[in-house]
Every structure is written in structure tokens, then in C-alpha cells.
Chemist: 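Quick one: the structure is below, and I'll ask about it shortly.
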Amino acid sequence: MAEETKLKLQEVVCPSCNAAILKFNPNALINECPSCHKKLVNPLVKPKEVVAPERIIPFTTDEQTFENAMTNALINQDYVPTNIFEHCNVDKVVQTYLPMYLFEGTYNASWSCESAYEDQKVDIKRNWTDSGKTISTKTVKKWRPQNGNAAGNFAFLCLANESDKIPTELREFTRLFPYDVMMSKEYADGMIDFNDENMMTFERNADETLVWQKHGKDMVEETAKNAALNQIGNQEIRNFRASSSWNLTTKGKYVYAPFWFVYYNYAGGQFHFLMDGIGQRTEYSYPVNQEEVDFVKGKEKIKGYVTWLWVLALLLWYVFNFTTAFVYLVIWLIGKIVVNKMMDKQIQERLENSKAQRQAGANRI
Ligand SMILES: [Zn+2]
């Protein structure tokens with residue numbers, strides 16, 4: 001008889017009755033044996049008392065919504081390889097509540113700048129041929145001072161955790177987050193299932209004053225400046241200055257905000273996709289099909305070459321005459337329009353074809 005090969009299976013077994021425990025939650029402090037109903041304490045779980053948040057923005061999306069958002073983003077993103085869905089490895093999806101500080105208040109910015117306007121300048125020249133005078137006007141650009149006031153409200157969340165346990169991409173995404181008061185609720189016990197093995201939670205460990213000084217102040221100043229620039233509109237300006245003051249009405253209220261996060265791998269590279277738990281914002285990185293990028297660049301180059309062919313008209317004018325040059329220019333212009341259209345069509349066809357292939361790939365899995 002041939003020697004049997006042995007396998008080493010890992011089993012979670014009840015220490016009292018030896019029954020196999022098939023559903024074991026590694027995050028739960030206490031699991032119950034389904035056979036003898038004895039409570040089993042997991043020594044790897046360390047209960048820790050942390051301060052509860054004052055408010056919470058509950059998840060309004062599920063894992064399927066998150067996965068669909070990711071699939072759609074990658075289908076519609078140009079230059080993503082066509083076999084992305086067949087050849088990518090998706091890590092475990094992370095669902096998490098992140099500790100954040102809410103900052104609310106009002107700002108007031110006074111601004112000044114110089115804006116451009118057009119003025120007519122009159123030139124009087126002595127005309128030597130008929131000893132008369134020629135009056136010509138030309139338009140000149142002048143600057144005049146402008147100033148104003150912008151005021152408004154602000155409300156945003158800042159990440160309240162400084163540890164490196166949160167992936168860098170998620171940390172960047174959540175550093176500053178617009179706060180939608182309609183989505184948040186007063187926190188009550190039981191709103192988060194801390195035993196849920198798919199849910200990750202982090203405690204706050206950053207000081208609200210430091211967080212405010214580090215990110216909040218800049219954010220308010222940026223908001224005030226943008227409001228001022230918005231008032232100025234599309235004018236050409238120079239020497240823009242804004243000074244802002246603000247009144248903080250909520251300083252660092254502790255809020256739990258929901259996020260989805262996943263890493264995926266393709267051709268040796270690591271990429272990520274993330275979305276907030278209410279499905280309003282996403283952010284992601286993606287692999288690029290370099291061949292397709294080069295294809296599009298090549299077509300754009302051809303358009304560029306054709307544009308420069310007008311220069312030949314100068315040569316024709318020099319060698320022959322104006323009419324020849326003019327006829328050439330007309331032919332060149334028609335040619336340019338035709339070539340541009342052809343190139344744009346080829347680019348569009350290629351990108352749309354790739355998109356269709358990604359869509360087909362997504363449908364297959
Ligand atoms: Zn048991």
C-alpha cells in the first residue's frame with residue numbers, strides 16, 4: 001500500500017466538548033459554542049474603553065454599492081487596461097468608521113485687488129505727406145483698485161487619528177471632509193456592532209486643538225479666499241490680497257464618519273478604490289495601458305504636424321507667387337480639417353472600443 005500523504009487542517013474546537021466551531025468571529029471577545037453553549041473567551045481580543053463619539057454618520061450604502069461604484073469607475077476611466085476585471089486581484093473590502101472632528105463656524109474675508117479694464121488712448125501724429133494731422137486711437141489695458149467683503153458658513157470634518165494603522169490613501173482622502181449635517185445623527189449605544197468582523201473602528205487619538213491648527217485654519221482661509229475670488233469672477237486681476245477672520249462655533253465635536261476602502265492588484269502594481277459610506281465621493285488609482293496612451297499621443301502628433309504645414313505657403317509665395325501660396329493654403333486648411341476629424345474619430349473609436357471590452361469583462365465576472 002502506498003504511503004498516504006497527510007494534510008494539516010486547522011480547526012477551531014470547543015475546549016469543553018471538542019465540537020468544531022465553524023462560525024468563529026476573531027473580533028468578538030466572547031464566542032458561544034453551538035453544541036454545549038459554553039461561552040468562550042478569545043484571549044487575543046483586548047477590550048478597550050474609548051470615548052464614544054457625540055455624533056455618527058451611519059452607512060447608507062452596502063458592500064455591493066461600493067463594488068458597483070468601483071466597477072463603473074474602472075469601466076469609464078480611459079486608458080484602464082481592457083482585461084482589468086479578468087486579471088485583477090481584489091483584497092478584502094474594508095468597512096470602517098473613522099473618528100473625525102467637526103469644525104463649524106462663520107468666516108468673513110475682506111479682499112482687495114486691481115482689476116484690468118480697457119481704455120482708449122488717442123495718438124496725434126503729424127502726417128508728413130499732406131502736412132496734416134492723423135488722429136489714431138488704440139486700446140490700452142489699465143488697472144483700477146477693487147475691494148469687497150465675502151462672508152459665509154463652513155462645516156467640515158478632520159481626521160482625528162494620527163496613527164499609521166489607517167492606510168495612507170484613506171488618511172489623505174479623509175483629512176478634510178465636507179460635513180453634511182442632514183446625514184448625521186446623535187450617537188447612541190448599539191449603533192455600531194463592534195463584534196462585526198467586517199467592520200473596523202479606530203479610536204480618536206489626536207488633540208482637537210492641534211488638528212484645528214494643522215488643517216482647519218488653512219481650510220477656512222482657503223474657503224474664504226475662494227469666496228472672494230468667486231465674487232471677482234472672470235476678470236483679469238493682479239495683486240490679490242485677502243485677510244479673513246472666523247468665528248468657530250463648533251470646535252472639534254467628535255463624529256464617526258463611514259468609509260469603504262479596498263486595495264486591488266494588477267500586473268504587479270497595487271491600486272486602491274475608496275468611497276464614503278453615504279456614496280457621495282469616491283477616489284481611486286488605476287493601472288494605465290501605456291500602448292493606448294502612445295496610440296492617442298501618436299494621433300495627436302499627426303494633427304500637430306499637419307498644422308505646421310501652413311509654413312510651406314511662405315516658401316511657395318517666395319518661389320512662385322501669392323496666388324500659388326493662397327491656393328495651397330486653401331488646400332491645407334481643408335486637409336487639416338479632414339485629418340483632424342479622422343484622427344479624432346480614430347482616438348474616439350479606440351477609447352470606446354476599450355471601454356466596451358472592459359464592460360464585457362465586467363459582465364463576465
Ligand atoms: Zn462546546
Chemist: Taking Arg364 for the side chain and Glu86 for the main chain, is one N or O donor matched with an acceptor at less than 3.5 Å?
Modeler: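 No: the side chain of Arg364 does not pair with the backbone of Glu86.
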
Chemist: Strictly below 4.0 Å, N to O, side chains only: are Glu203 and Lys165 in salt-bridge contact?
Modeler: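 Not counted as a salt bridge, because no side-chain N and carboxylate O are separated by less than 4.0 Å.
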
Chemist: Donor-acceptor check, side chain of Arg55 to backbone of Lys253, threshold 3.5 angstrom: yes or no?
Modeler: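 It does not hold such a pair.
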
Chemist: Do Asp276 side-chain atoms and Gln280 backbone N/O form a donor-acceptor pair below 3.5 Å?
Modeler: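 Checked: pair present.
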
Chemist: Between Lys251 and Glu208 (salt bridge meaning N to carboxylate O under 4.0 Å), is one present in this structure?
Modeler: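 No, this pair does not count.
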
Chemist: Using modelled atom types and a 3.5 Å cut-off, is there a donor and acceptor pairing between side-chain atoms of Arg238 and backbone atoms of Ala116?
Modeler: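 Absent.
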
Chemist: Looking at every non-hydrogen atom in both residues, tell me the closest pair between Leu316 and Thr324 and how far apart they are.
Modeler: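 For Leu316 and Thr324, the tightest heavy-atom pair comes out as CD1-O, 4.4 Å.
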
Chemist: Would you say the ring centroid of Trp260 lies under 6.0 angstrom from that of Phe59?
Modeler: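 Yes, close enough.
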
Chemist: Would you call Lys303 and Glu300 a salt bridge, taking side-chain N to carboxylate O under 4.0 Å as the test?
Modeler: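 Yes, charged N to carboxylate O under 4.0 Å.
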
Chemist: Less than 3.5 Å apart, any donor N or O on the side chain of Thr65 or Asn68 sitting next to an acceptor on the other?
Modeler: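 The answer is no; no qualifying pair exists.
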
Chemist: Working note: Phe273 + Phe66, criterion ring-ring contact (aromatic ring centres under 6.0 Å, His included); need CA distance, chi angles, decisive distance, verdict.
Modeler: CA-CA 9 Å; Phe273 191 87; Phe66 174 68; 5.7 Å; yes

Chemist: If we ignore hydrogens and angles and just use 3.5 Å, is the side chain of Asn89 paired with the main-chain N or O of Asn265 as donor and acceptor?
Modeler: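 Pair absent, no side-chain N/O of Asn89 close to backbone of Asn265.
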
Chemist: Taking the six-membered ring for Trp, is the centroid-to-centroid distance between Tyr179 and Phe103 below 6.0 Å?
Modeler: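 No, the ring centres sit 6.0 Å or more apart.
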
Chemist: Above 12 or not: heavy atoms from other molecules or residues under 6.0 Å from CZ of Arg281?
Modeler: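 More than 12 heavy atoms, drawn from other residues, nucleotides or ligands, come within 6.0 Å of this atom.
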
Chemist: Is a side-chain donor or acceptor of Gln231 paired with a backbone partner of Asn149 at a separation under 3.5 angstrom?
Modeler: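 Indeed, once roles are kept as given, a pair shorter than 3.5 Å links the two residues.
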
Chemist: Between Asn76 (side chain only) and Asn72 (backbone N and O only), is there a donor and an acceptor less than 3.5 Å apart?
Modeler: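 Confirmed, Asn76 side chain pairs with Asn72 backbone.
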
Chemist: Using side-chain hydrogen bond (donor to acceptor under 3.5 Å, both in side chains), reason through Thr307 and Lys336 one step at a time and then give a plain yes or no.
Modeler: CA-CA 7 Å; Thr307 302; Lys336 180 178 146 62; 3.3 Å; yes

Chemist: Give the intermediate values and the outcome of salt bridge (Lys or Arg N to Asp or Glu O under 4.0 Å) for residues Glu349 and Lys345.
Modeler: CA-CA 6 Å; Glu349 274 174 4; Lys345 195 170 164 242; 3.6 Å; yes

Chemist: Has the side chain of Asn18 got a donor or acceptor atom that lies under 3.5 Å from a matching backbone atom of Val13?
Modeler: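 It does not hold such a pair.
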
Chemist: Specify whether Tyr284 and Tyr286 have parallel, tilted or perpendicular ring planes, treating 30° as the upper limit for parallel and 60° as the lower limit for perpendicular.
Modeler: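 Tilted.
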
Chemist: Verify the neighbour count for atom CD of Gln235: are there more than 12 heavy atoms of other residues, nucleotides or ligands below 6.0 Å?
Modeler: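 Yes.
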
Chemist: Between the main-chain N or O of Phe85 and the side-chain N or O of Tyr266, is there a donor-acceptor pair closer than 3.5 Å?
Modeler: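 No; zero donor-acceptor contacts below 3.5 Å.
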
Chemist: Can you confirm whether Phe320 is buried at CZ, in the sense that more than 12 heavy atoms of other residues, nucleotides or ligands lie under 6.0 Å from that atom?
Modeler: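 Incorrect, the count does not exceed 12.
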
Chemist: Parallel, tilted or perpendicular: which fits the ring planes of His272 and Tyr263, with parallel below 30° and perpendicular above 60°?
Modeler: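 Because their plane-to-plane angle is over 60°, the rings of His272 and Tyr263 count as perpendicular.
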
Chemist: In Å and rounded to the nearest 0.5 Å, what is the CD1 to CE distance from Ile57 to Met183?
Modeler: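 The CD1 atom of Ile57 sits 8.0 Å away from the CE atom of Met183.
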
Chemist: For the side chain of Arg350 and the backbone of Phe295, is there at least one donor-acceptor N/O pair under 3.5 Å apart?
Modeler: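 Not confirmed, Arg350 side chain does not pair with Phe295 backbone.
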
Chemist: What distance separates Leu351 CG from Gln77 CD, expressed to the nearest 0.5 Å?
Modeler: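 One gets 10.5 Å once the value is rounded to the nearest 0.5 Å.
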
